Structures are given as structure tokens and as C-alpha cells.
Amino acid sequence: MRAQGVALVTGASRGIGRAIALDLARAGFDVVATMRDPAAGADLPGLAGDATGSLRVERLDVTDPDTIRMPDGLRVLVNNAGTEGEYLPVEHQPVEAYREMFEVNVIGCVRTMQAAIPVMRVGGGGVICNVTSSSYLAAQPLYAAYRASKAALGAVGESLRAEVAGMGIRVVEIMPGPVDTDMLRGSDRMPEAARFLEYAALAQRVWDGRKGVEDQITPAADAAARVRQAILDDDAPLRNGCDPLADQLLDAWRTSSDEALMRQFIPELD
Ligand SMILES: NC(=O)c1ccc[n+]([C@@H]2O[C@H](COP(=O)([O-])OP(=O)(O)OC[C@H]3O[C@@H](n4cnc5c(N)ncnc54)[C@H](OP(=O)(O)O)[C@@H]3O)[C@@H](O)[C@H]2O)c1
């Protein structure tokens, strides 16, 4: 597709979403940068000032259906808003934490997709881009609830791709590895699982493994450029990385056994 027309990005207040909103405006799209608190994006139109396209900020909370409105002429929807929680083993993760993550990472994205599809269909097509996580490709312990929510969004996108292809709507999934944002910085901590005796040693190994990716962190602007490429490339596959580690993981996932993948990417389990 050509970089023109309206693109809506969720969770554009900070992190990857903010970088995607700026990147798409600079590439030529008329971007609606949506966020829970529009004050957080007050500087965005200025930052996109000399862009080929344009940028405006609107309020959208993916858990509040009353705030989900798709602009006329929508050609691109980027479902970027996401959240995570405590790093706990399946045995101890409260089911409420699953509900909270699924509400944002799955149900919220389904809501925006349901609102976007009729608008795109009337306009002759478009691209729906869902930001999941490469973490669900390998057996990362203590991240089950978050990984489950991202895998669920991946499955929704996979079915949707087959449902709307005939309408000229293309679905792409972006599976980030470590990208320099608040979420990634917040993950550099002892997992909460450490408070359970049976999981304390595992928690330490998982934290050590997390420290091991410090030299492989990708700037959000670089990740955003990769997201744009997947949106513009009519031949892009369903699943795409947006950084070197995600590319490596995706390649290994396509060619390895589950066991080999776990040993290669979760060495702290040995
Ligand atoms: N950074 C990474 O290494 C990494 C790796 C894998 C996947 N991801 C995924 O990439 C996406 C962006 O992550 P990030 O690293 O940029 O995270 P981040 O820095 O924590 O930013 C998350 C964004 O989501 C927004 N958000 C949360 N709940 C929302 C809601 N109910 N409605 C609308 N927006 C909401 C936040 O808004 P507020 O400012 O209002 O809180 C913020 O804009 C997420 O889906 C994340 O799971 C990131």
C-alpha cells in the first residue's frame, strides 16, 4: 500500500506506539494518535510538524467502548496498546491478573478491529496491524498470563486474516523482542515469583536471563520503522519481527522443534 490516508494507532502516549505514530505521519499518513490521556500526546503534533502527512491526538481507552471511534477513510489500524503484570508462576498468578491482561491485550483489540473493519470495507480495504510479542514463541517461564494474552491476539489475527482478505483488508502481526520502552525497563527486576520458596531459584535465573538481553535492545524508532515496512509491504507475511532478536526467534520458531527452541532461547533453564 502507499503511505497515504488515515492511520489510527492505539497506546500512542509513549513507547512503541508513540514512535509508530510519528513514523507513520513522517511517511505520509494522516495519523490519529490515540491514548487514554490526550495530555500525554500534547507534544506529538509539534514533533510531527514537518511530516509529509499529519498527526492529531484523540482519546481512546481500549477498555471503554464509548471511546472507540474509527475515523472516516481509515486505511490502517495499529493495535499497539498493551499491558503486563506481575511475573508469577501459573500456580500462583491470580486469575484476576489474567482477566486484566486479556481485557486490554485481547478484548480491547477485538473491539477496535470490530469498529475498524466496516470502515475499511467501505473504503475498499486497508491494513490491520496487531502488536503481540515474540515472547510467546519460546517457553518463557513466569510470563504465562502475558504470553497467553498475546498468543490469543495472534490467533484472532490469524483467523481475521483469512476472513477479510477478500475485502482487501490485510492483517499483519508484529512480534517485538526487547524494545527500549517503559515496559521493557520495568521488566528489569526480580520476578515476583521469588517470594515463593519453590520458585525463588527459577525467579533468579529468569532475571539473569532478562539481563542477558541488555545488549540486544532496539530503539523504539527503529522498531517503528520495521512496523511501517510490514504495513506498506503488500507481500509481508502474517508474523513479523521488528528488531534483530525477534527476527532470530521467529526464524528459529519456523525451523526448530519446541525443545530445541526452549534450549536455545531460555538457556537459564539448563
Ligand atoms: N517493549 C518491548 O520490549 C515489547 C516486547 C514485546 C511486546 N511489546 C508490546 O508492544 C506494545 C507496546 O509496548 P511498549 O513497550 O511501548 O509499552 P509501554 O511503554 O508500557 O506503553 C504501553 C502503551 O499502551 C497503553 N495502554 C495501556 N492500557 C491501555 C488501554 N486500556 N487503552 C489504551 N491504551 C492503553 C499505554 O497508555 P498509558 O500511557 O495511558 O499507560 C501506553 O501508551 C504492547 O502491546 C506490548 O505488549 C513490547
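Atoms within each ligand, like the ligands themselves, are counted from 1 in listed order. The residues of the chain are indexed from 1 along the displayed sequence. Computed from a predicted model, the values in this text were never measured in an experiment.
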| So is Arg189 actually on top of Tyr87's ring, under 6.0 Å and inside 45° of the axis? | yes

| request: Please write down residue, atom name and distance for the protein heavy atom closest to atom 17 (O) of ligand 1. | output: Met183 CB, 3.4 Å

| query | Using 4.0 Å as the upper bound for N to carboxylate O, is an ion pair formed by Asp23 and Arg228? | reply | yes

| message | Geometry only, no angles: is Gly11 polar-contacting ligand 1 at N/O separations under 3.5 Å? | response | yes

| message | As an exercise, identify every atom of ligand 1 less than 4.0 angstrom from a heavy atom of Thr63. | response | 31 (N)

| field | Val172 side chain reached by Val127 side chain, heavy atoms, under 4.5 Å | value | yes

| message | Heavy-atom distances under 4.0 Å decide this one: backbone, side chain, both or neither, for Lys150 against ligand 1? | response | side chain

| task | Answer yes or no: is there a side-chain heavy-atom contact under 4.5 Å between Val62 and Leu60? | result | yes

| task | Answer with side chain, backbone, both or neither: which part of Thr132 has a heavy atom less than 4.0 angstrom from an atom of ligand 1? | result | backbone

| task | Name the option, out of Asp61, Asn80, Val131, that contains the heavy atom nearest to atom 44 (C) of ligand 1. | result | Asn80

| Does Arg14 come within less than 4.0 Å of ligand 1, judged by its heavy atoms? | yes

| query | For ligand 1, which atoms have a heavy atom of Tyr146 less than 4.0 angstrom away? | reply | 6 (C), 7 (C), 8 (N), 9 (C), 46 (C), 47 (O)

| request: Please report the C-alpha distance between Asp243 and Asp222 in whole Å, then the side-chain angles of each, then the deciding distance to 0.1 Å, and finally whether the side-chain contact (heavy atoms from CB on, under 4.5 Å) criterion is met. | output: CA-CA 8 Å; Asp243 56 275; Asp222 293 359; over 6 Å; no

| query | Are any of the side-chain heavy atoms of Trp253 and Leu261 separated by less than 4.5 Å? | reply | yes

| query | Mind checking whether Gly17 has an N or O less than 3.5 Å away from an N or O of ligand 1? | reply | no

| request: For Ser13, counting its heavy atoms only, list the atoms of ligand 1 lying under 4.0 Å from any of them. | output: 37 (O), 38 (P), 39 (O), 42 (C), 43 (O)

| request: Using heavy-atom distances, let me know which of Gly177, Pro178, Ala33 sits nearest atom 4 (C) of ligand 1. | output: Gly177

| said: Tell me the protein heavy atom at minimum distance from atom 32 (N) of ligand 1, and give that distance in Å. | reply: Val62 N, 3.0 Å

| Tell me, do Gln114 and Met70 make a side-chain contact under 4.5 Å, heavy atoms counted? | no

| remark: for atom 15 (O) of ligand 1, nearest protein heavy atom and its distance come out as Thr181 OG1, 2.5 Å

| said: Can you name the atoms of ligand 1, numbered from 1 with element, that are less than 4.0 Å from a heavy atom of Leu60? | reply: 33 (C)

| said: Only heavy atoms of Leu184, strictly under 4.0 Å: list the atoms of ligand 1 that pass. | reply: 3 (O)

| Going by the order shown, which atoms of ligand 1 are within less than 4.0 Å of some heavy atom of Asp182? | 19 (O)

| request: Identify whether the distance between the nearest side-chain nitrogen and carboxylate oxygen of Lys211 and Asp188 falls below 4.0 Å. | output: yes

| Are Leu160 and Ile128 close enough that some pair of their side-chain heavy atoms sits under 4.5 Å apart? | yes

| query | Can you tell me which residue and heavy atom of the protein come closest to atom 22 (C) of ligand 1, and the distance to 0.1 Å? | reply | Gly82 O, 3.7 Å

| Quick one: are Met120 and Leu77 in side-chain contact, heavy atoms under 4.5 Å? | yes

